[in-house]
Amino acid sequence: MTETHPILELDDTVHQRIRLGILALLRSGVALEFGVLRDQLRLTDGNLNRHLKVLEDAAFVTARRSTGRGRRKTWLTITDPGRSAFDAELAALRALIDAAEQA
């Protein structure tokens, strides 16, 4: 039986660099405000929104909207499936690195 190559374990939803960055920032479990994610990842509002939609559709993040002092804010949180998907992605990346170093 042939061993599965680690690249086949990468999740296309998670692996895209911006979505990986979003999940990495949210991995601590602390809710982050939309603007913080945008600024940390150096994205436009539209670009961040597009990637958050993919992650929300996959149930990897949730968004909570609040209004304070007349300003509407969006707070993002990683979900348990999102945390599991991110951890699985890290494990697959580690396996890929190990395989490359053994080659």
Side-chain angles (χ1 to χ4, degrees):
M1 186 162 118
T2 307
E3 187 174 319
T4 302
H5 194 277
I7 195 100
L8 300 174
E9 299 301 317
L10 296 176
D11 180 333
D12 289 338
T13 301
V14 175
H15 190 71
Q16 196 283 338
R17 75 177 179 91
I18 292 171
R19 293 190 292 267
L20 188 63
I22 292 167
L23 293 174
L25 287 168
L26 295 175
R27 178 62 179 87
S28 70
V30 175
L32 293 177
E33 197 267 325
F34 180 92
V36 171
L37 283 173
R38 180 197 58 218
D39 295 347
Q40 285 287 312
L41 298 171
R42 297 182 181 165
L43 301 171
T44 64
D45 288 358
N47 199 331
L48 180 54
N49 269 323
R50 185 168 48 96
H51 289 288
L52 287 172
K53 172 89 170 98
V54 171
L55 293 172
E56 284 182 279
D57 288 349
F60 291 166
V61 300
T62 58
R64 178 180 50 84
R65 287 157 183 82
S66 66
T67 304
R69 295 185 184 160
R71 281 194 69 187
R72 187 173 159 179
K73 289 192 174 198
T74 302
W75 295 89
L76 292 305
T77 308
I78 195 168
T79 62
D80 288 338
R83 187 175 288 106
S84 295
F86 181 74
D87 292 347
E89 188 72 12
L90 291 183
L93 288 168
R94 286 184 188 108
L96 182 60
I97 291 166
D98 290 346
E101 288 176 342
Q102 292 173 9

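The figures here come from the full heavy-atom set of this structure, side chains too, leaving out hydrogens, waters and symmetry mates.
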How long is the gap from [atom1] on [X] to [atom2] on [Y], to the nearest 0.5 Å?
{"X": "Leu52", "Y": "Asn47", "atom1": "CG", "atom2": "CG", "value": "10.0 Å"}
{"X": "Arg38", "Y": "Leu43", "atom1": "CZ", "atom2": "CG", "value": "9.5 Å"}
{"X": "Leu55", "Y": "Leu20", "atom1": "CG", "atom2": "CG", "value": "10.0 Å"}
{"X": "Ile18", "Y": "Leu41", "atom1": "CD1", "atom2": "CG", "value": "7.5 Å"}
{"X": "Glu56", "Y": "Asn49", "atom1": "CD", "atom2": "CG", "value": "8.5 Å"}
{"X": "Asp39", "Y": "Leu32", "atom1": "CG", "atom2": "CG", "value": "11.5 Å"}

Is the shortest side-chain heavy-atom distance between Arg64 and Thr77 below 4.5 Å?
no

Is any side-chain heavy atom of Ile22 closer than 4.5 Å to a side-chain heavy atom of Leu76?
no

Between side-chain atoms of residues 84-101 and protein atoms elsewhere (two or more places apart, or another chain), which donor-acceptor pairs fall under 3.5 Å?
{"from": "Ser84", "atom 1": "OG", "to": "Asp80", "atom 2": "O", "distance (Å)": "3.2"}
{"from": "Asp87", "atom 1": "OD1", "to": "Arg27", "atom 2": "NE", "distance (Å)": "2.9"}
{"from": "Asp87", "atom 1": "OD1", "to": "Arg27", "atom 2": "NH2", "distance (Å)": "3.3"}
{"from": "Asp87", "atom 1": "OD2", "to": "Arg27", "atom 2": "NH2", "distance (Å)": "2.9"}
{"from": "Glu89", "atom 1": "OE1", "to": "Asp11", "atom 2": "N", "distance (Å)": "2.9"}
{"from": "Glu89", "atom 1": "OE2", "to": "His15", "atom 2": "ND1", "distance (Å)": "2.7"}

Nearest heavy-atom contact between Thr4 and Glu9 is CG2-OE2, 3.8 Å

Search all heavy atoms of Trp75 against all heavy atoms of Ser66 and return the closest pair with its distance.
NE1-OG, 3.4 Å

Membership question, hydrophobic clusters at under 4.5 Å side-chain separation (ILVMFWY): are Leu26 and Val30 in the same one?
no

Using the test salt bridge (Lys or Arg N to Asp or Glu O under 4.0 Å), find all partners of Asp12 that sit at least two apart in sequence or belong to another chain.
none

Testing Ile78, Val54, Val14 one by one against Phe60 for a side chain to side chain contact (heavy atoms under 4.5 Å, CB included), which residue passes?
Val14

Given 3.5 Å as the limit, does a donor-acceptor pair link the side chain of Thr79 with the main chain of Ala59, or not?
yes

Distance-only, no hydrogens or angles: does the Arg19 side chain make a donor-acceptor pair with backbone N or O of Thr13 under 3.5 Å?
yes

